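Keep in mind it's a predicted model, so treat the numbers as computed, not measured.
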Amino acid sequence: EYYYEYHIYEFTKGNLKLVARSYVNEPEAHFLGLEAEGKKGFLSKSFLNNPLLQQAVEYLKKEGANSISYLDESAGYVEI
């Protein structure tokens, strides 16, 4: 029987929170969304220069992720 084992990461700064997931058996991570001022949403290309996102990407790389993407509302998973 196969099952998915994963870690959920939450990166926060002020009122901004990013949520990412990485599967234990695969060297990749995905940003699932963000929350700002209590409102949830998707990441977008314009958000890629955000300092919190850049710090989170570096952290996930140090944790072993060699492929990192974000969930775009219309395009699905987009590699960073």
Can you name the residues that form a side chain to side chain contact (heavy atoms under 4.5 Å, CB included) with Glu79, not counting sequence neighbours?
-> Ser67
What residue pairs, at least two apart or across chains, pass ring-ring contact (aromatic ring centres under 6.0 Å, His included) with a residue in residues 60-80?
-> His30-Tyr77
Cluster overlap Phe47 with Leu32, hydrophobic side-chain contacts below 4.5 Å = no
Would you name the heavy atoms of Ala75 and Asp72 that are closest together and state the gap between them?
-> N-OD2, 2.8 Å
Taken to the nearest 0.5 Å, the spacing of Leu60 CG from Glu28 CD works out to 12.0 Å
Using the rule that two of Ile, Leu, Val, Met, Phe, Trp, Tyr join whenever any of their side-chain heavy atoms come within less than 4.5 Å, decide whether Tyr59 and Val19 are in one cluster.
-> no
Consider only side-chain heavy atoms of I, L, V, M, F, W and Y, link residues closer than 4.5 Å, and tell whether Val57 and Leu16 are in one cluster.
-> yes
In terms of ring plane angle, is the pair Phe11 and Tyr9 parallel, tilted or perpendicular, where the classes change at 30° and 60°?
-> parallel
To the nearest 0.5 angstrom, please state how far the NE2 atom of His7 sits from the CD atom of Glu63.
-> 8.0 Å
Quick one: which residue pairs count as a side chain to side chain donor-acceptor pair (under 3.5 Å) with a foot in residues 40-50, not counting sequence neighbours?
-> Ser44-Ser46
Identify whether Ile68 and Leu52 are in the same connected component of the hydrophobic contact network (ILVMFWY, side-chain heavy atoms under 4.5 Å).
-> yes
Any chance you could measure Leu18, atom CG, to Leu43, atom CG, to the nearest 0.5 Å?
-> 6.0 Å
Cluster link Phe31 to Leu34, ILVMFWY, side chain under 4.5 Å | yes
Sorted by chain and number, sequence neighbours left out, side chain to side chain contact (heavy atoms under 4.5 Å, CB included) with Asn15 holds for Glu37
Residues that Tyr6 engages under side-chain hydrogen bond (donor to acceptor under 3.5 Å, both in side chains), provided they are two or more places apart | none
Please list, chain by chain and in numerical order, all residues satisfying ring-ring contact (aromatic ring centres under 6.0 Å, His included) with Phe42, sequence neighbours excluded.
-> none
